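Since the structure comes first, as structure tokens, the remarks are kept for the end.
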Number of protein chains: 2
Amino acid sequence: MTKQIDLKSTLLYGISMAILLFLLKWLELRFVVFDHLFEVYAAIISVIFMVLGAWLMHNFQQRKLEKENAKQEIVAVPELGLSQREMEVLVFMSQGFTNQQIADKLFLSIHTIKTHGSNLFVKLDVKNRTQALVRAKELEILE
Amino acid sequence: MTKQIDLKSTLLYGISMAILLFLLKWLELRFVVFDHLFEVYAAIISVIFMVLGAWLMHNFQQRKLEKENAKQEIVAVPELGLSQREMEVLVFMSQGFTNQQIADKLFLSIHTIKTHGSNLFVKLDVKNRTQALVRAKELEILE
DNA sequence: CGTAATTTCATACTAAAGTATGAGTGCCGA
DNA sequence: TCGGCACTCATACTTTAGTATGAAATTACG
């Protein structure tokens with residue numbers, strides 16, 4: 001399915017049609033005065049509001065992008081307060097082990113590993129283990 | 001990034017425009033009968049074309065964004081049979097993004113990302129994304 | 001031109017991850 | 001001694017990840 005659509009040509013097409021309609025009516029007006037004014041207005045309104053809509057969406061997207069970019073600020077944390085166990089869990093995570101595998105290696109319950117994991121993510125300000133690994137390398141507490 | 005004119009979508013938009021023109025004509029006929037409702041029709045047309053414009057701009061921005069994301073020049077790894085898309089997904093995974101986030105960035109369904117992920121894991125002989133990252137670095141196809 | 005590989009999307013499911021909350025234990029320093 | 005901290009475990013829950021399977025469109029290639 002072609003979800004990606006040739007929009008440039010389409011936009012061009014739409015505008016062209018509107019302008020063409022406008023021109024036709026404008027020419028027609030020279031002979032038939034004030035008879036079909038509605039179509040003229042409709043064409044004008046169409047063009048104006050299509051452009052307006054495009055402009056509004058453009059601004060909306062722009063703001064959305066700025067917000068996303070602002071999200072990437074790297075927070076400098078000198079003391080993360082990572083405990084011994086949390087560091088161990090983090091290291092095992094970085095080696096690709098699942099929570100269950102880590103639990104087996106440390107002779108702990110998987111619940112405990114999850115708890116350490118959650119606390120870890122809070123301290124690193126991330127949402128999941130892969131993000132935690134990225135952040136840990138940024139902060140140079142791994143590798 | 002097909003620079004060829006998408007015949008199918010162009011036709012689709014042509015039909016859409018035809019329908020809109022028909023609508024305009026119909027509105028004109030109604031205008032003859034109820035000439036006091038001009039403002040209502042103008043409002044309807046305004047909304048329709050504003051939405052159309054917003055929608056067109058939205059899609060246009062999407063294509064632009066996708067092109068920007070593709071700027072990283074990610075190359076497929078034939079030795080492992082990794083395709084272009086699989087490499088892209090792998091890179092995004094290595095940056096800590098969730099499947100949903102990757103789907104948003106590539107303007108794909110999350111199902112597609114999962115499919116690429118699964119195929120990726122088979123080719124890398126791993127079970128999950130963290131293991132995939134470890135393996136990818138071992139094979140020096142990342143960083 | 002036809003065939004294989006790629007890409008996309010979907011449903012339906014299972015597995016794993018992650019959150020929220022509470023609670024018991026032991027250790028250490030004020 | 002006592003409060004705080006680290007560690008442990010648990011239940012219950014939501015979310016995300018991953019698998020299996022099928023299908024369809026596109027692309028690449030001989």
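Atom set for the values below is all heavy atoms of this structure, side chains included, hydrogens, waters and symmetry mates excluded. To find a chain, count down the sequence lines: A is the first, B the second, and so on, and within it residues start at 1. If you're wondering where the values come from, they're calculated on a predicted model, not measured in any experiment.
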Honestly curious: do B:Leu139 and B:Leu133 fall in one hydrophobic cluster under the side-chain, below-4.5 Å linking rule? yes
For the side chain of [X], counting heavy atoms from C-beta on, which of [options] is nearest?
X        : options               : value
A:Asn99  : D:dA10, C:dA17, D:dC7 : C:dA17
A:Arg85  : D:dT8, C:dT8, C:dG18  : D:dT8
B:His116 : C:dA17, C:dT7, D:dA10 : C:dT7
B:Leu108 : C:dC9, C:dG18, D:dA10 : C:dC9
A:Ser83  : D:dT11, D:dA6, C:dG18 : D:dA6
B:Gln84  : D:dG18, D:dT8, C:dT7  : C:dT7

B:Leu90 CG to B:His116 NE2 distance, which is reported to the nearest 0.5 Å: 12.5 Å
Check the distance between [N]'s [atom2] and [X]'s [atom1] and give it to me in whole angstrom.
X        : N      : atom1 : atom2 : result
A:Phe97  : D:dA17 : CZ    : P     : 21 Å
A:Phe107 : D:dC7  : CZ    : P     : 18 Å
A:Leu106 : D:dA6  : CG    : P     : 18 Å
B:Lys114 : C:dA10 : NZ    : P     : 12 Å
B:Ile113 : C:dT8  : CD1   : C1'   : 10 Å
A:Gln101 : C:dA15 : CD    : P     : 16 Å
B:Lys127 : D:dA17 : NZ    : P     : 18 Å
B:His111 : D:dT16 : NE2   : P     : 14 Å

Counting any heavy atom closer than 4.0 Å, what does [X] reach on the DNA or RNA strands: base, sugar-phosphate only, or nothing?
X        : value
A:Ser118 : base
A:Ser109 : sugar-phosphate
B:Thr98  : sugar-phosphate

B:Val126 vs B:Val134 side-chain heavy atoms within contact, under 4.5 Å: no
For B:Gly81, is there any backbone N or O sitting under 3.5 Å from a side-chain donor or acceptor partner on B:Lys123? yes
Give a yes or no on whether B:Glu138 atom CD has more than 12 heavy-atom contacts from other residues, nucleotides or ligands under 6.0 Å away. yes
First of A:Gln100 and A:Thr115 reached from the 5' end of DNA chain C, by closest nucleotide: A:Gln100
